[in-house]
J.: 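Mind looking over this structure? Questions follow.
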Amino acid sequence: MPYNIAMVSDFFFPQPGGVESHIYQLSTKLIDRGHKVIIITHAYDGRTGVRYLTNGLKVYHVPFLLIYRQTTFPTVFSFFPIFRNIVIREQIEIVHGHGSLSSLGHEAILHARTMGLRTVFTDHSLFGFADAASILTNKLLKFILSDVDHVICVSHTCKENTVLRASLDPLMVSVIPNAVVAENFRPMNHPSYPPETIGNHVVPIPQHVGPHDTITIVVISRLFYNKGTDLLVAAIPRILASHPNVRFIIAGSGPKAIDLEQMLERNVLQDRVEMLGPVRHEEVRDVMVRGHIYLHPSLTEAFGTVIVEAASCGLYVVCTQVGGIPEVLPAHMTVFAKPEEDDLVAATGKAIAALRANKVRTERFHDQVKMMYSWTDVAQRTERVYDGISGALSEADFYGYDAAEAASWSATRGRAGVQSFALIDRLKRYYGCGIWAGKLFCLCVIIDYLLFLLLELWAPRDAIDIARNWPKKGREERPTREQERETQTQVAR
Amino acid sequence: MLNLNSVILVTLLSNLLIASGMPSPTQLPIRTTLQDLRSASTQKPLKPKIPLRILPLGNSITWGYGSSSGNGYRQPLLELLTNDVTYIGSEHSGNMTNNDNEGHPGAIIDQIALYAEQSLTLRPNIILLMAGTNDMVGNFDVEEAPGRLGVLIDRCVAACPDAVVLVAQLTPFLDPLSQMRADVFNAAIPGLVKQRVNEGMKILAVDMMQPSASSHTKHDAPPTVRSLATDRSLLTPEDAIYQGSPPRKQSDTVKKLQKELRMTNSGNSDVLSLPGRGRNKVRSGSRRRKGTWKKLLWVKQSYNYTDQETFLGDLQRNPRLQPYDFWPLVADSTVIVQHVCSVIVFIVCFVGILQKQVSPGAVVGWGSISTFLGWVLWDSWVGQEEANKPATPRLPHDPSMVSAASSVSNLAIPGPSNLSLSARHSHSASASSIHSTLSTVTSSQATTPKLLPNFPSPNHSPHFSHRTSLRLGTAKSALLIYFTLLGLSPILKSLTLSTSSDSIWAMSFMLFAINIFFFDYGSPAPSSSINSTNKNIPASLSTNAALMASTVLASRLPSTGEVFSLTLFSIEVFGLFPVFRRYARQQSWRGHVTLTTLLVVGAGGGVGLILGRGGDGKGILSFPWKSGIIGVVIGVLATGLAMGGCSWWLIGLQKYKNEIHGPWDPARPIIRRWDNF
């Protein structure tokens, strides 16, 4: 059963980043599976109005005030009129918000619930509980996620974090990891895609690294504190001192770049460490394939797409054991280190030794990673979540436990997985958020509902035109209901 | 389970109310079977006239954690009782109005015993006690747990001899290992109670594990109870938080044992699993899949599955919690009292000089004499220390004192000199703390110049012994300060001539506030000296603020001599006295207490004298010392109250501490820095 889905987030192209490419890849794969997907984001410089991307992916750039790092100003209600218009115009059934810091996504979920739509939220990041910013964000997240149909997290650690931050029931949180487009991250000698012709399958030749060959270590990251640049600065001189035939390639920019450069000058390592500066995402593969080891010293990471990309390029990965990173890659592809200088140096030494002994079959990594992570798989899993929340799957199938148990699920829930839209039930869910916060949230929800009633009067549904869908092609053409209706009306004319 | 608990409690309460009319409490049923309960509940034996003051005492279950209303068992119990019920306790949780209780999430038996003291004075006539859950989960001194529970019961009975204590056994656990501990604990409770009943106490053990009871009661329970009960069948994050409240550090063998237990449990689930519990079905269902599920993303497996064993397994709650004790806390607060008192003494002296009540010469004279005495004392301490520790390398000893003095001597120009003071002072303090670590580690002398690159080493002249050169250095810097100040006083006097006095008072108030709030009250423990470079910035800020304040105040004084006296006195009070105080605290505790008392008395008396005399020199009271004595009394009382009150308050605030740590926190990189120097 195809759905009409709206992905809502502050973060989308042209801004580069993990969330942005996640939304794009997921949307295109969902379109491939016969769904209709639109994306709602705020206006970027030079990107306003409506745009079509490849594959008929429609993007609405809503004009909004930005406050910090492409995040819109949280106004709670001001987004509702235009959001309602888009939702009615595109006949949206499921609203899918992305990113904890995206206030556009949060507001969309709130309004969608008021309008009686199914909502899903995907969390991409980890947050602590200590500092003031985290406390505020967590409270906001708790507000939004008090009434959401399902939550998706990118790793199990992220799931634990989100469950704690928003006081969710773990059962309504699924873990669907990010993926990589394997064909964009193939090793140096790998034949270009598509190598689909049967019998022509190339068996990768094992790479041999001799005891005196140069081993190149690649680091690609934004040079920020939380990406562990301090560790890198401390570790590089020691690694280079103990291993003569080792070179570094560092790509990326950021406030900590100056520390790296100072370290290079102080230790006179300019000829052994190459600083590339910022690289575009498309060029990442070309940088990666120049190396043998990928070093990832990050201090916090929900998923760590870049280490999957590195492994896909056939690099042996050395990474710190933080956040969701230990879940991402199998043990034979990685060497884990504690986030300590000494341990990082030791782990890198171990990786170099393993490569020199030719113990690591890096040439097989690409095909293995291709089997593990693909966007098609992510889209399939997400589609299953959509099935679950809209009731197409029985709760026993979806949640994987006895349906008898599901009857005793929650007082405010009609049946498991399908949340009641009744205002009073929604208010019950919000009221439990806190002594003061609960009442404030209820107030917000009531105002939102009144606003909805006002909009229904002021801009009636019949007056809003229905957008025509992008014509589907090939065998995936499955006429949706409104297309049928449209053709019927055209015939009638 | 809560519906079961509440029904049991209610029926027991009713039994009890019948029994309370009977002469001997020994006839109370100690363990009641389901038949008893049901027959009891049909009898409706409650005497509606007796108003009940119920103290729900226990942990998170009592508090109501995880229940949708936050009331836990207390609301259903309230609804089932027809008597006039008042819940009492210091906690207020749940959405009903009558929501007082003494449930403390995460508390072990001993903590509950401490918390109980708050409420036992409120004269409950029924105490519902359920303690030990967290001891079982955290494996905290499980062997002694029944004994500790007994102590708690005795306390309750001793405090409220009229009250009836209902001691609940523990409700079933999710974790089989905890369950095994709880089984032993639960088995000990009836004996515990029987022993006390024989002694004549009114106690009753409540069995929370009646098998097959829930299947019966489920239908009878009112809808609120049912919803409450089903609420608990979910795994909420709070479950994870509060069940693992003590930091989990399970050894591998325990984990292995746990795993084996789970395996046997799935094989013949009748052995350990408790019938009638919905939770167990879920668990056995998940257990079937356990062989395959891993906390990994690259394995193709169910992505909508919450693993009970590993979910939130790395969560740590309050990992660095150090519970405070009252008296040590009060003792530690003396440091703050000392400093505040010395600031007050200084202000009193200033007011005295300004109002011509005290001669400036007397102030600075007494100040200098005490400073000299203090220095002599300190010098002898240093001598003792050196005699005790001859093996320590000859490093520039006690540099804080010397360089504090020498840096004060840099007070040549009033404005920017503070900057140089701060730089020197902070450096010297860091040097001293680094030195203290070094002397404990007994590192080689070779590393010292590297670590103390800019340390001024004028005291290393080979002709004198170390001590003598040190004394000479101190005398030299003292003379330097003396003459510099003498020359500087006329400039200081006219420094703020164009500023109005009001701004001066406001400014000096602010500066003294900065001084008090940013003062380095910490003791120079070797462990804390690693971060000393960061720590000393506020400390030097504090000293600078005080000196700035005294300079500004001094500029209000009319004559050069007074300005000189006050400035010199301020250096003695704010520059040298803290160093002495710190040393004195390390050296002798008795001296520290004496000093504190003297300061409190001095400050109280001074304030009393100043206020008592008023502005015009004629006192409100005829006898001037009388006001001073009143001031002393009030000062001592206020200090005592503030110390005790603040300590008690801080201890009371500890229960709100809820720090959560887990793998999502940004890691703290450990980097060895000195390679880069």
Side-chain angles (χ1 to χ4, degrees), chain A residues 126-130 155-161 163-164 167-171 173-177 226 228 230-231 234 237-238 263 266 297 299-300 302-303 320 322-324 327-330 338-342 372-373 377 381 384-385 388 398-402 404-405 408-411 432, chain B residues 68-70 95 218 223-224 226-241 278-279 281-282 285-286 289 294-308 310-315 658-673 675-677:
Chain A
L126 300 176
F127 277 84
F129 296 91
S155 65
H156 293 104
T157 306
C158 183
K159 172 174 173 176
E160 294 177 1
N161 187 239
V163 163
L164 283 177
S167 308
L168 293 172
D169 177 0
L171 281 176
V173 183
S174 293
V175 177
I176 302 180
N226 63 355
D230 292 328
L231 276 176
R238 295 181 55 189
M263 179 274 292
R266 195 163 46 228
L299 302 182
T300 175
F303 179 77
T320 46
V322 296
E327 304 166 23
V328 172
L329 285 178
K338 289 198 278 281
E340 295 164 16
E341 178 194 340
D342 294 347
M372 292 171 199
Y373 295 105
D377 187 44
R381 293 179 173 201
R384 194 159 179 277
V385 168
F398 186 37
Y399 292 102
Y401 64 102
D402 303 331
E405 287 296 322
S408 59
W409 228 54
S410 162
Chain B
S68 59
S69 59
N95 61 7
K218 214 164 199 165
T224 45
R226 193 178 302 150
S227 66
L228 270 178
T230 52
D231 242 5
R232 290 301 298 170
S233 72
L234 287 176
L235 181 70
T236 61
E238 286 79 13
D239 274 334
I241 300 168
R279 194 80 218 139
K281 274 187 210 155
V282 182
S286 63
R289 281 181 302 186
K294 292 187 188 73
K295 194 177 178 177
L296 293 172
L297 293 169
W298 54 273
V299 183
K300 290 268 190 298
Q301 57 189 354
S302 167
Y303 52 92
N304 189 23
Y305 165 62
T306 307
D307 187 58
Q308 310 264 332
T310 57
F311 188 69
L312 293 176
D314 295 321
L315 184 101
N658 188 11
E659 238 181 290
I660 303 176
H661 289 282
W664 46 81
D665 288 322
R668 297 222 177 100
I670 299 174
I671 296 166
R672 294 194 294 154
R673 274 290 177 193
D675 282 14
N676 296 333
F677 275 108

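Chain letters run A, B, ... following the sequence lines, proteins first, then strands; residues in each count from 1. These numbers come from the heavy atoms of this one structure, side chains and all, not from hydrogens, waters or symmetry mates.
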J.: Taking only residues two or more places apart in sequence, or in another chain, which ones meet B:D665 in a side chain to side chain contact (heavy atoms under 4.5 Å, CB included)?
T.: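 Partners of B:D665 by the side chain to side chain contact (heavy atoms under 4.5 Å, CB included) criterion, ordered by chain and then number, come out as B:H661.
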J.: Between A:G432, A:P339, A:C158, which residue shows the highest count of heavy-atom pairs closer than 4.5 Å to chain B?
T.: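 Highest number of pairs under 4.5 Å: A:P339.
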J.: What's the spacing between B:L297 CG and A:H156 NE2 if we round to 0.5 Å?
T.: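 So the CG of B:L297 and the NE2 of A:H156 are separated by 5.5 Å.
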J.: For A:N226, which atoms come within 4.5 Å of any heavy atom of chain B: side chain, backbone, both, or neither?
T.: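 Answer is neither: A:N226 stays 4.5 Å or more from chain B.
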J.: Taking ring-ring contact (aromatic ring centres under 6.0 Å, His included) as the test, write out the residues that go with A:Y373, two or more places apart.
T.: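 With sequence neighbours excluded, A:Y373 shows a ring-ring contact (aromatic ring centres under 6.0 Å, His included) to A:F303, given in chain and number order.
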J.: For each of A:D377, A:T320, A:V385, A:L329, tally heavy-atom pairs with chain B at distances under 4.5 Å, and name the one with the top tally.
T.: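 The candidate making the most pairs under 4.5 Å is A:L329.
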J.: Quick one: CG on B:L296 to OG on A:S155, what's the gap to the nearest 0.5 Å?
T.: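 Those atoms lie 11.5 Å apart.
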J.: Please determine if A:E160 and B:K295 form a salt bridge, counting it only when a charged side-chain N lies under 4.0 Å from a carboxylate O.
T.: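 Counted as a salt bridge, because a side-chain N and a carboxylate O are separated by less than 4.0 Å.
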J.: Please report the closest heavy-atom contact between B:I671 and A:L231, naming both atoms and the distance.
T.: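 Shortest heavy-atom contact: CD1-N, 3.8 Å.
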J.: For B:W664 and A:T300, work out which heavy atoms get closest and say how close.
T.: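 Nearest pair, atom of B:W664 first, then A:T300: O-OG1, 3.7 Å.
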